[in-house]
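Data block below; observations after.
Protein chains get the first letters and strands the later ones, always in sequence-line order, with residue 1 at the start of each. Fair warning: this is a prediction, and the values are worked out from it, not measured in the lab.
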Protein chains: 2
Amino acid sequence: MPTERYDSPDAETIERVVREGQRDGAMVTCLAECEVEYDGRSGGYLGPGDRLVVAKPDGTLLVHRPSGHQPVNWMPAGATIKVEEDEGAPLLYARRSNPNEYLRVYLHEPHLLTRFDADDPATYQERGTEAEMHEYIERNPETAIEEGFRVVEHERESVYGYIDFFGKDAEGRPVVVEVKRRQATLNNVDQLKRYMELYRESREPSERDVSGSTEGANGESDGGGTRWKSNPDVRGILVAPSASDRVRRTLRDDGLEFVELSEFAVEKRESSEKTLSDFL
Amino acid sequence: MPTERYDSPDAETIERVVREGQRDGAMVTCLAECEVEYDGRSGGYLGPGDRLVVAKPDGTLLVHRPSGHQPVNWMPAGATIKVEEDEGAPLLYARRSNPNEYLRVYLHEPHLLTRFDADDPATYQERGTEAEMHEYIERNPETAIEEGFRVVEHERESVYGYIDFFGKDAEGRPVVVEVKRRQATLNNVDQLKRYMELYRESREPSERDVSGSTEGANGESDGGGTRWKSNPDVRGILVAPSASDRVRRTLRDDGLEFVELSEFAVEKRESSEKTLSDFL
DNA sequence: GGTTACATGTCGCAT
DNA sequence: ATGCGACGTGTAACC
């Protein structure tokens with residue numbers, strides 16, 4: 001049995017089990033009435049109450065209340081977890097640097113302590129990420145974006161920055177494409193605008209820009225030779241499964257475009273691979 | 001004792017304990033070798049391995065691997081959690097709508113099942129949030145921002161949008177202020193720019209807004225200051241404890257300003273000096 | 001280690 | 001319910 005359990009453990013037991021768990025790579029959980037104190041990036045205090053405390057061997061420490069998805073307090077992986085004593089009562093103390101933070105969990109009444117020598121060799125396989133959306137667009141640029149669109153550069157390989165896609169439309173106009181797997185937000189519009197600026201300032205030599213400029217400065221030139229915005233006719237397209245009215249309006253006001261792309265995952269798997277759950 | 005525990009529980013016990021836990025408001029945890037399947041906003045599969053599974057009475061379901069801060073799979077609060085059977089083996093099934101999602105945890109080998117009738121009446125008290133930063137700026141506008149700065153409107157009460165602070169500088173020029181409690185990002189710059197556009201388009205009448213700004217082009221500069229369309233005089237300030245070089249450069253290129261504000265909490269002491277008694 | 005962008009983000013608040 | 005922004009966001013990728 002890869003588990004051990006201790007009812008109403010004393011301070012000594014908690015100290016030993018947590019220390020050995022950290023050493024041996026075992027998860028330790030404790031159901032306890034406790035009090036929590038945190039200081040670091042922020043700071044906080046949680047009065048006495050019943051919670052689940054989890055200490056993982058990588059230094060992760062979690063304090064879960066009876067409700068809510070997120071731990072009320074925690075320490076990310078990389079912290080060092082120790083058990084100390086506060087007037088005879090056991091106290092979980094997790095600390096890390098960069099940023100400097102600590103978490104103290106005063107175990108006023110530890111009800112149940114467990115050690116779990118968990119072996120978890122599996123790797124999580126995920127579907128429906130933005131990466132898959134990218135793959136779909138790369139393989140089906142005209143279906144996904146528009147007739148005549150072709151990808152010139154994909155993602156971070158671009159010299160203009162972190163542009164998702166840079167391409168050309170049917171008429172050869174440059175197009176900056178930003179892809180989102182969720183409903184588009186105003187932030188996404190901002191992002192697209194920023195990437196478009198990056199492209200404009202990059203002064204990418206295009207079929208239309210014949211000037212083989214040797215100027216290497218940041219385009220601070222004024223007057224006649226202003227190649228500052230030398231790529232004026234770039235288009236910007238935000239691709240997402242949906243967008244609020246305000247996002248669409250903002251795009252329109254800025255001369256940008258929205259392309260609705262929701263059903264990109266259809267070709268992702270062979271139909272033979274689909275399971276019953278696909279139809280539920 | 002507010003806890004119950006079951007070693008190597010059978011399917012029947014798991015079904016009963018989870019159902020009663022959901023009904024009675026108790027947390028149920030299970031240390032088990034399991035297999036996980038998720039589909040919804042995304043989709044994923046996790047092969048067999050040892051994990052900690054947590055079912056909270058609010059419908060939260062968490063699957064924690066031996067490492068990492070985040071659960072590898074989960075269902076947020078609001079889901080309905082049931083125990084089903086898959087060829088005689090117990091299976092935790094959580095489902096919710098909006099968005100339509102489900103999570104299945106196949107408990108191949110449940111080692112330890114616990115029920116915890118957790119009572120947690122405390123409310124978490126947090127310090128050092130952006131809200132406190134706002135309060136500090138509101139109370140000390142000249143120390144925080146600059147000599148002569150005064151706040152006209154604070155946060156969402158503004159008619160121009162979600163501007164953190166709208167104020168006037170010593171010369172009466174309008175100022176849009178965006179506040180971040182962490183190191184400023186490029187997205188924050190974008191956000192400030194968007195808020196400034198909102199202000200400009202609002203055509204707020206100011207003491208210095210002489211009518212008839214005939215200038216049309218945006219940001220057309222001749223080496224000097226940048227001028228704008230309708231409310232040309234507005235300044236934009238990003239307030240944060242720090243910013244990368246690129247963020248600072250981006251701000252400068254857009255004619256915006258950065259104000260470094262790290263020690264906003266006057267009453268804050270060194271973290272090493274803080275003790276639990278500080279909160280009591 | 002710093003910077004950048006994604007995330008099944010989650011959460012809270014306001015409309 | 002939806003939209004929008006903060007979060008002690010965490011996490012991975014790239015440099």
Could I get the full list of side chain to side chain donor-acceptor pair (under 3.5 Å) partners for A:R181, not counting sequence neighbours?
-> none
With sequence neighbours excluded, tell me which residues meet side chain to side chain contact (heavy atoms under 4.5 Å, CB included) with B:A144.
-> B:Y136, B:I137, B:L261
Does A:R182 have a side-chain nitrogen or oxygen under 4.0 Å from the phosphate oxygens OP1 or OP2 of C:dG9?
-> yes
Please check the phosphate of C:dG2 (OP1 and OP2 only) for any side-chain N or O of A:N98 closer than 4.0 Å.
-> yes
Return the residues of residues 58-74 of chain B meeting this criterion: a heavy atom under 4.0 Å from some atom of DNA chain D. Order them by number, or give none.
-> B:G68, B:H69, B:Q70
Ignoring backbone atoms, test whether A:Y45 places a side-chain nitrogen or oxygen under 4.0 Å from the OP1 or OP2 oxygen of D:dG8.
-> no
Closest listed nucleotide, where the reference is the side chain of B:Q191 and the choices are C:dC6, D:dG5, C:dT3 | D:dG5
Between A:R181 and C:dG9, is there a side-chain N or O to OP1/OP2 distance below 4.0 Å?
-> yes
Could you give all pairs that pass the ring-ring contact (aromatic ring centres under 6.0 Å, His included) test and reach residues 49-71 of chain B, with sequence neighbours left out?
-> A:W74-B:H69
By side chain to side chain donor-acceptor pair (under 3.5 Å), A:E84 pairs with (sequence neighbours left out) none
Contacts of B:S97 that satisfy side chain to side chain donor-acceptor pair (under 3.5 Å) - sequence neighbours left out = none
Between the base of D:dG8 and the side chain of A:Y38, is there any donor-acceptor pair under 3.5 Å?
-> yes
Reckon A:R96 touches a base, only the sugar-phosphate, or nothing at all at heavy-atom distances under 4.0 Å?
-> nothing
